[in-house]
Amino acid sequence: MRRLRAISILVLLSAWLAGCELKSTAPLVDPAQAELAFGPAFTAIMVQEKGSLVDTKGAIFAVTGTARGNVYEMGPGNGGEGGTMAFLPVRGMPFDYLLQMSGKDGFSYTAVRKTEGAAAVANIDLNPEILKTLEARGIRPIADGMNHRVESRGALDETVRAWAEARSKGGRIELPFHFEIARGAAESEALMARALTQHCLARAGHPLDPEVKKLPGKLAFGVALERIDSAAATTACAWGAQPEAPDPVRYALARIHVQAKQYDRLPALMEPMIARDYPFALLLRADQLMRGLGVGADVAAGRRLLEDAAPRHPLIAYNLGAMHAGGRFGQPDYAAARRLYEQAAAAGVGAAKVGLGYLYADGAGVARDEPRAFGLFREGADAGELAGYVETGRALYFGTGTGRDHEGAYGYLKTAAAADHPEAQYMAGFMLSQGQGVAKSETEGFKLLEAASAAGILPASAEGGRMTYYGLGTRADRQKGRQILEEAAGKGSQAAKTYLAALTGQPLPDLPSGVPDAVKSDVRKLGGREAFSLNHVNMPFMAGMAQHLGKVCGLPGKMDDRLELTGLALNGASSMLGGPDYSNPDIGKAVGAMMSSTALLAAGAKFAEQIPCDSPLAEHIADRLVAASRSNRTGAGARFVPSCAPTFGETRCACLAQIGRGVIPDIYQRSYDRGIIKEIISRNPLLGLTIGLTCQISNY
């Protein structure tokens, strides 16, 4: 396992401690004065939360040193960099050594306190108070970004002394970074093996593995099989194939192979573990048999294996109980589940306590007892079970089996949400957005709701859609918000249906008298969700509404939608000037058409004036007008521009269609021919000049 020491996950101590350092360009410590603080060779790994050797992302921060004279040469790490470490003994200081480390940009200095098998370290960071003290003593360290530099041994000694005086409390300094130290090859290999085991389990550890429970943060909840990152986990756990690898690493590697359906690789890993009666290997072999993973399916054989192992392995007793409760062997057998759960719970398996909690909460095989269920859920949470955190938080939120306590609920749900549990993300996100049991933060709440929605939690989609529509915790986007709500409602979300109804719940104002019935029908469709198309009858009225909603109300909020609505309003104006039937030889009809267009345009604007600009109905109608206009231009059957482009080019044809739509609302659905421009001009001669000047089309 010696090759493990060169693994690429090592990060040099100097890289970890970088920031707010005391540095120098040249070495200030005389190697002859240094001593080998940790013998001829050592490995140091930073100790993290809960005594873990990996951080909350599963990374290891380590350094190795091999004696060369009175200094250590650092092993490779941090992209291949090395360097030297010189430990200078100090007297009269509340620490043991001043450590000088070389790096690519000079030398840095840290304080080190040595204990049995460990060391504590702190940066020499200089605040304004310390700098003021140094200036009074004639020392002026040079500011270098977040760091400070000194360039003489005298300045170094005086700076370290001033720092120690300022940081010392009762003759002692708190050194925040703690390292476990191993001396010599054998101890170093053992320490590194522990760290690499945790590194592997952080990527592919089973949620019930006791070794996983020792990891920091959300890593302590393990990794579900379907959520393993195969590439990263394979790199971290590849050494599990070595004979001397510990069983948790071998089993994690086996899980990776199962996820990748590489069943042919399992026997070499599994057989030694099964021979050692390793419980997780027995569970995996039973799962293979029951699901036919690389072997012939034999549910009875898998069940017998578990029943044989359950009396001596509490973890297997719990899993077998869960199978009975879930009806894995036919109808649920809650009596068997309870017996097995109680056996496992008595042995300290937290998940079994949660399982019992479900039985009492549902009255499954036992009398319903919500207070007892709550107590079991909380015991499961205390044992580090993710489901225990979720159920305890849920019970506290709703007051099920206990008093309602939103603040307490949020504490549990926040922990579960940080572990990426979708339901907890939804509940914690909702509480944040509403300020329930926690300071209100719509922005942070929306982030959690979005994550829960992506995991398929429909109530989170409904809440996220509502917040997107109104711009709560995120940028307002009514079209996107409505789309999210419609998709959630289509999947059965009652909350989404309620929110959608609220968006258009305001009744439409009364329509002016004299408005044609066909227009009235389309306006009613506009207020709901029923499809309608722009045509020569409804175009002026719709354009009048567009004119008011855009100019007065400033709707819609998105600029590209606003431009679309403006284009529709301009089409209506062009139909008003001269009318859509100017060249009709029957002058009375031509004038009547012009008067009708003008009246309908004004009626549309008047109708829109009755709708408050800040109401959901105004936003809804503006969005629907934009959608209708856009569909008219680019929807199915829009063939004018493609058919015209070979003659005038796409840009000029799009310009022609936009102008012509005022008198030929369905122009986009027609194919171009030479007579269409004549038809536009015959309907409104004033548009001929516009086409020539704006679209640069004259020879048709």
Do other residues, nucleotides or ligands put more than 12 heavy atoms under 6.0 Å from R378 CZ?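 No, not enclosed.
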Between E487 and S461, is a side chain to side chain donor-acceptor pair (under 3.5 Å) present by the stated rule, with each step listed? CA-CA 9 Å; E487 289 176 357; S461 299; over 6 Å; no
Side-chain contact test, heavy atoms from C-beta onward, threshold under 4.5 Å: evaluate it for [X] versus [Y] and give yes or no.
{"X": "V438", "Y": "E407", "answer": "no"}
{"X": "H313", "Y": "D277", "answer": "yes"}
{"X": "F42", "Y": "T64", "answer": "no"}
{"X": "R172", "Y": "R113", "answer": "yes"}
{"X": "M431", "Y": "H406", "answer": "yes"}
{"X": "D333", "Y": "M323", "answer": "no"}
{"X": "D229", "Y": "V223", "answer": "no"}

Any donor and acceptor pair, going by atom type alone, linking the side chain of [X] with main-chain N or O of [Y] inside 3.5 Å?
{"X": "E379", "Y": "G350", "value": "no"}
{"X": "E391", "Y": "A387", "value": "no"}
{"X": "E370", "Y": "T400", "value": "no"}
{"X": "E73", "Y": "M85", "value": "no"}
{"X": "T197", "Y": "A193", "value": "yes"}
{"X": "K50", "Y": "L215", "value": "yes"}
{"X": "S453", "Y": "L449", "value": "no"}

What's the separation between atom CD1 in I45 and atom CZ in F179, rounded to the nearest 0.5 Å?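 Going from CD1 on I45 over to CZ on F179, the span is 10.0 Å.
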Polar contact flag, side-chain donor to acceptor under 3.5 angstrom, E463-Y426: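 Their side chains do not contain a donor-acceptor pair, so the 3.5 Å distance test is not met.
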Between Y397 and Q436: side-chain donor-acceptor atoms closer than 3.5 Å: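 Yes, side-chain donor-acceptor contact under 3.5 Å.
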Testing I316, L208, N319, D247 for side chain to side chain contact (heavy atoms under 4.5 Å, CB included) with F280, which one passes?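 The side chain to side chain contact (heavy atoms under 4.5 Å, CB included) with F280 is passed solely by L208 among I316, L208, N319, D247.
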When L201 is tested against each of E211, K213, H206 for side chain to side chain contact (heavy atoms under 4.5 Å, CB included), which residue passes?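 Only one of E211, K213, H206 forms a side chain to side chain contact (heavy atoms under 4.5 Å, CB included) with L201, namely E211.
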If you compare all heavy atoms of Y72 against all heavy atoms of P40, which two are closest, and at what distance to 0.1 Å?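 The pair with the smallest heavy-atom distance is CE2-O, 4.1 Å.
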Kindly confirm or rule out a cation-pi arrangement of K114 over Y97, judged by NZ or CZ under 6.0 Å from the six-membered ring centre and within 45° of its axis?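 K114 over Y97 ring: no.
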State yes or no: are the ring centers of Y358 and F377 separated by less than 6.0 Å?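 Ring-ring flag for Y358/F377: true, centres closer than 6.0 Å.
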Would the H324 and Y334 ring centres measure less than 6.0 Å apart?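 They do not qualify: ring centres at least 6.0 Å apart.
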